[in-house]
2 protein chains.
Amino acid sequence: MDVKTVCLGMLTDGPASGYDLKKQFESSFAHFFAAGYGSIYPALSSLSASGLVECEEVPQEGKPDRKVYEITDEGRQFLLKALENPSPCHKVRSEFLATMCFAHLMRPEDIQTVINNRLEDIARYQEMFRQFESEEMCDWPEGMKFVLGFGKAIAGTMQTYINENRHLLADEPSAKVATGQ
Amino acid sequence: MDVKTVCLGMLTDGPASGYDLKKQFESSFAHFFAAGYGSIYPALSSLSASGLVECEEVPQEGKPDRKVYEITDEGRQFLLKALENPSPCHKVRSEFLATMCFAHLMRPEDIQTVINNRLEDIARYQEMFRQFESEEMCDWPEGMKFVLGFGKAIAGTMQTYINENRHLLADEPSAKVATGQ
DNA sequence: ACTTTATATATCGAATTGATATTATGCATC
DNA sequence: GATGCATAATATCAATTCGATATATAAAGT
């Protein structure tokens, strides 16, 4: 399941441009599948070349033509086949955790900064989840609700874990001594 | 913080070969920063070319020479600079969640299979975390313990969330009707 | 006897990232 | 009335990373 396939999936919801898809990658998909223009536009070109989507160019004034893509029957078939993969993976690439692995090489104040920034990032996601819940979520398919709930649950756990364990990393010597005996 | 920098960090623990580092990427780092030979060997070559590590070739019988890399003072300085990034990112790329977004296009039995496989994967991680806790963890730096605890907490949340919400995706029609009235 | 696992390196095409470029409108702000 | 920023929209490119494959041997399990 690469960017191409996810774009194809998004297009089952109706025709859209690369720009439209990017907005979806930045909002509802952001917490588990981010993609930039450098992935999206080549993906759409390739899908178009394989006949899995069709492109209609809509002229506009002042702006570049809008290229609106629509999934074809062949594209739908291809997507269904792709969804049959019984073991889709779930990968994390965390520079944050990698940094924390080497916390013993860092200055305590820098550790604190990194942690605070991470907490802010998490808070931003939580705000987003809250917004989704209050607005548009009613007409989303169940799968989408499941995925959003998943993200929300993980964000909550990360927040709690970091708050409850940050002292392990940035222990003032006094605290260490006090706990030691 | 790319693969190069993480390799450099791992080498602060003592000299090691690419093969050794790969084992670490497969065990204690697997849940948040996986890397394959295709990334590790070029990373070590590049680090060597920049003088951030030094390479000693150790001849062996039957097997290729072991190339043991050791971090240099310049490498240590470079690592400390890299660790000063105040906002290291934390990214997820989940083909599992992407698949679940399109669950309404899938057959219920396929959804079940995907979920069961994901739960097995999580269980494998949990087994790994348990092993780490019982064995070697005592002499790890605090940062490493923090990171392992983080992974364990996330795995637990994923497991619970999936078990408590899988019915949303694979509702037999009967259950739906029963709940509906 | 056969197959898998472990030791060890290396490479290559394909996919992805992150940054940058282009062009135009509209909306604040100074 | 000018300057700058956000939004709309596409596109490209170098650098990085992924996943698979190749090579070679020994040990250990079936």
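Just so we're on the same page: letters track the sequence lines, and every chain starts at 1. For the numbers below, each heavy atom of this structure counts, side chains included, while hydrogens, waters and symmetry mates do not.
Put simply, Y19(A) has no side-chain N or O that comes within less than 4.0 Å of OP1 or OP2 on dT10(D). Proximity of R93(B) to the phosphate of dC18(D): no side-chain N or O atom is located under 4.0 Å from OP1 or OP2. Side-chain nitrogen and oxygen atoms of S17(A) include at least one within less than 4.0 Å of the OP1 or OP2 phosphate oxygen of dT10(D). For dT9(C), one of the phosphate oxygens OP1 or OP2 lies less than 4.0 angstrom from a side-chain nitrogen or oxygen of Y41(B).
If you measure from atom CE of M1(A) to atom C1' of dA15(C), you get 16 Å, rounded to the nearest angstrom. The distance from atom NZ of K22(A) to atom C1' of dA11(D) is 14 Å, rounded to the nearest whole Å. Across the protein-nucleic acid pair, L44(A) atom CG and dA11(D) atom C1' stand 12 Å apart, rounded to whole Å. In this structure, the CG atom of L21(A) is 13 Å from the C1' atom of dA9(D), given to the nearest Å. When the P atom of dA14(C) is taken as reference, atom NZ of K4(A) falls 11 Å away, rounded to whole Å. Rounded to a whole Å, the CD atom of E57(A) is 14 Å from the P atom of dA9(D). In this structure, the CD atom of E26(B) is 13 Å from the P atom of dG19(D), given to the nearest Å. Rounded to an integer number of Å, the gap from CG of D20(A) to P of dT7(D) is 15 Å.
Mapping S45(B) and K23(B) onto DNA chain C by nearest heavy atom places K23(B) at the nucleotide closer to the 5' end.
Using a 4.0 Å cut-off between charged nitrogen and carboxylate oxygen, K145(A) and E142(A) count as a salt-bridge pair.
Minimum atom distance to the side chain of K91(B) is reached by dG18(C), of the listed dG18(C), dT10(D), dT17(D). Distance from the side chain of S39(B) is smallest for dC18(D) among the nucleotides dT17(C), dA15(C), dC18(D).
Contacts of K67(A) with the nucleic acid, taken as non-hydrogen atoms under 4.0 Å apart, involve only primed sugar atoms and P, OP1 or OP2.
A cation-pi contact, defined as under 6.0 Å to the ring centre and within 45° of the axis, links R93(B) to F33(A).
Summarising the geometry of K91(A) relative to C89(A), their closest heavy-atom pair is CE-SG, 3.5 Å, with the distance given to 0.1 Å. Considering every non-hydrogen atom in both A35(B) and I40(B), the closest pair reads O-CD1, 3.8 Å.
Taking the six-membered ring where the residue is Trp, the centroids of Y161(A) and F146(B) are separated by under 6.0 Å.
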